Amino acid sequence: MTELILFNVFNGLIVGAFYALMALGLSLIINLTSVINFAHGGFLALGAYIAYELVPYLGFWGALIVAPVLTAMLGLLVERLMIRRLYGRDPLYSLLLTFGLAYVFEDGLRYIWGAQSLPFRVPDWLTRPLSTYFFFLTGYRVFMVVLVTIAVAGLFLILTRTRLGIRIRAGTLDLETVSVLGVNVRILRNLNFGLGIYLAGLAGVLAAGLLGLQPTIGDALIMPSFVAIIVGGLGSLFGTLLGGLLIGVASGIATVFVPSASEAIIYIMMALVLLVRPRGLLGEEGMNL
C-alpha cells in the first residue's frame with residue numbers, strides 16, 4: 001500500500017509539474033495582456049510535434065532545446081498578427097479567438113500527422129528504473145522534475161533580475177505608466193506572450209516523452225492549468241506554481257483511494273479555496289512572486 005501511494009504521489013508530482021509549467025505561461029499572458037489563451041494547449045501539442053520532426057536530425061537533446069524556441073517564435077507571430085488587434089476590447093473577443101485557434105491547431109496537427117498516437121523516443125538510459133524497489137522512479141521522470149525546476153527558477157530570475165522581467169512586472173500593475181516612461185508596450189506584450197508560449201512548448205516536448213504524441217495531448221492539461229492559476233491566486237506566479245503542484249499531488253493521492261474522483265478532486269479543491277479565499281491562496285492585485 002505504501003509503495004502504491006508513493007507511486008501515485010510521484011506521478012501526481014510529475015503531472016503537477018506539467019500543470020505548473022503550463023499555468024505559469026498562461027499566468028504571464030493573462031497578467032499583462034488580460035488574454036485568456038485557450039490555445040495554450042495547442043501550442044503545447046505543436047511544440048511536441050516540432051520536436052518529433054527534429055529528433056531524427058538533432059537528436060533528443062537538440063530537439064528539446066530548439067522545439068520550444070520555434071514554438072515561441074510562432075507565438076510571437078500569432079500575437080503580432082491576431083491577438084494584438086484585440087487589446088483594449090472586450091476580453092470575450094480574445095477568448096473566442098484563442099478558442100478557435102485551439103481547434104485550428106488540433107485539426108491541423110491531425111491533418112499533417114494523423115489522428116493516431118505516435119511514439120516519441122527518449123534516450124534509452126533515461127527510461128531505466130533507478131531502483132528495483134521504486135520501479136516507477138525512472139531517469140526520465142526525475143529528469144522532467146529537475147528540468148521543470150530549472151525552467152521555473154530561470155523564469156523567476158528573468159522576472160526579477162532582467163530589464164525585460166522588471167518591465168513585465170511593472171506592466172501588470174500599471175501598463176499606462178510604463179508606456180509613459182518610454183517603454184514600447186507593443187514589444188513588451190509581444191515578448192511576454194512569446195515567453196509564455198515558450199513554457200508551453202517546453203512542457204509539450206517533456207509530455208511527449210512520457211505520454212506519447214497525439215493531437216489532443218494539450219487538452220488534458222489546459223483546464224487543470226487554469227485551475228492551478230485560480231487555486232494559487234491570479235497575479236501570483238509563486239501561487240500558480242504551488243497551485244499546479246497541489247492539484248497534481250491531490251489527484252495522484254485520490255487515484256489510490258477514489259480512482260473515479262481523480263479528476264474531480266482538482267475542481268473540488270478549487271471550489272474550497274474560492275470559498276475560503278476568493279483571490280486564491282496567494283493571489284493579490286497585480287503580479288507578485
Side-chain angles (χ1 to χ4, degrees), residues 20-40 42-44 46-47 65-98 101 150-203 225-226 228-230 232-241 279-280 282-289:
L21 203 57
M22 282 278 288
L24 285 171
L26 280 169
S27 186
L28 276 175
I29 294 170
I30 292 172
N31 288 337
L32 186 64
T33 66
S34 299
V35 172
I36 302 174
N37 184 22
F38 269 103
H40 214 65
F43 281 109
L44 178 147
L46 184 64
I65 295 171
V66 176
V69 175
L70 294 179
T71 308
M73 292 175 64
L74 179 64
L76 295 175
L77 187 63
V78 168
E79 191 277 341
R80 173 66 181 84
L81 298 178
M82 299 182 186
I83 295 177
R84 180 178 297 182
R85 303 173 185 274
L86 301 179
Y87 292 145
R89 300 188 180 184
D90 190 318
L92 180 63
Y93 289 105
S94 59
L95 188 151
L96 291 174
L97 172 63
T98 57
L101 277 175
I150 293 173
V152 171
L155 174 64
F156 277 74
L157 284 175
I158 289 173
L159 292 175
T160 57
R161 303 298 182 187
T162 68
R163 182 175 297 180
L164 172 63
I166 292 172
R167 288 176 175 177
I168 289 174
R169 292 170 61 199
T172 62
L173 296 172
D174 194 338
L175 194 59
E176 290 185 4
T177 300
V178 170
S179 177
V180 170
L181 292 175
V183 176
N184 190 320
V185 172
R186 287 189 172 185
I187 294 178
L188 184 66
R189 281 170 163 166
N190 188 250
L191 293 177
N192 177 75
F193 192 88
L195 184 58
I197 297 304
Y198 173 86
L199 296 178
L202 179 60
S225 299
F226 280 114
I229 295 174
I230 296 170
L234 185 63
S236 171
L237 293 183
F238 183 77
T240 297
L241 174 63
R279 283 188 173 181
L282 300 176
E284 300 291 344
E285 186 176 356
M287 181 188 290
N288 67 84
L289 298 179

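Computed from a predicted structure; not experimentally measured. When reading the values below, keep in mind they use all heavy atoms of this one structure, side chains included, and skip hydrogens, waters and symmetry mates.
Looking at Ile166 and Arg161, their side chains never come closer than 4.5 Å, going by heavy atoms from C-beta outward. Under the 4.5 Å side-chain criterion, counting only non-hydrogen atoms from C-beta, Asn31 is not in contact with Ile168. Considering only heavy atoms from C-beta on, Leu155 comes within 4.5 Å of Leu28 through its side chain.
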In a table with atom names and distances, give each donor-acceptor pair under 3.5 Å that connects a side chain of residues 178-188 to protein atoms at least two apart or in another chain.
{"from": "Asn184", "atom 1": "OD1", "to": "Arg186", "atom 2": "N", "distance (Å)": "3.1"}
{"from": "Asn184", "atom 1": "OD1", "to": "Ile187", "atom 2": "N", "distance (Å)": "3.2"}

Could you pull out all donor-acceptor pairs under 3.5 Å where a side-chain atom in residues 88-95 meets a protein atom, sequence neighbours excluded?
{"from": "Asp90", "atom 1": "OD1", "to": "Leu92", "atom 2": "N", "distance (Å)": "2.9"}
{"from": "Ser94", "atom 1": "OG", "to": "Pro91", "atom 2": "O", "distance (Å)": "2.9"}

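If you take CG on Leu24 and CD1 on Ile29, they are separated by 11.5 Å, rounding to the nearest 0.5 Å. One finds the OG1 atom of Thr33 at 7.0 Å from the CZ atom of Phe193 (value rounded to the nearest 0.5 Å). Note that CG of Leu195 and CG of Asn190 are 11.5 Å apart. Values are rounded to the nearest 0.5 Å. The CG atom of Leu164 lies 7.5 Å from the CG atom of Asn192; values are rounded to the nearest 0.5 Å. Residue Leu202 holds its CG atom at 11.0 Å from CD1 of Ile65, rounded to the nearest 0.5 Å. The structure places CD1 of Ile158 at 9.5 Å from OG1 of Thr160, a figure rounded to the nearest 0.5 Å.
In terms of heavy-atom proximity, Leu26 sits nearest to Ile229 at CB-CD1, 3.6 Å. Shown here for Ile36 and Thr98, the closest heavy-atom pair between the two residues is O-OG1, 3.0 Å. Between Ala151 and Leu21, the shortest heavy-atom contact is CB-CD1, 4.2 Å. Closest approach of Leu237 to Ser27, counting heavy atoms only: CD2-OG, 3.6 Å. Across all their heavy atoms, Leu101 and Ala39 have their closest contact at CB-CB, 3.8 Å. Taking each heavy atom of Ala200 and His40 in turn, the nearest pair found is CB-NE2, 3.5 Å.
Within the structure, salt bridge (charged side-chain N to carboxylate O under 4.0 Å, His left out) contacts touching residues 76-87 (residues at least two apart or in different chains) are Glu79-Arg84.
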Take Ile83 and Leu97 through the side-chain contact (heavy atoms from CB on, under 4.5 Å) test and state the conclusion after the steps.
CA-CA 8 Å; Ile83 295 177; Leu97 172 63; 4.0 Å; yes
Going through the checks in order, is the side-chain contact (heavy atoms from CB on, under 4.5 Å) test met by Val35 and Leu86?
CA-CA 9 Å; Val35 172; Leu86 301 179; over 6 Å; no
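Residues meeting the ring pair (Phe, Tyr, Trp, His ring centres under 6.0 Å) test with Phe38, sequence neighbours left out: Phe99, Phe226. Every residue meeting the side chain to side chain contact (heavy atoms under 4.5 Å, CB included) condition with Ala72, not counting sequence neighbours, appears here in chain and number order: Tyr198. Annotation: side chain to side chain contact (heavy atoms under 4.5 Å, CB included) contacts of Ala20 (sequence neighbours excluded): Leu241. Here Ser34 pairs with nothing under the side chain to side chain contact (heavy atoms under 4.5 Å, CB included) rule; sequence neighbours left out.
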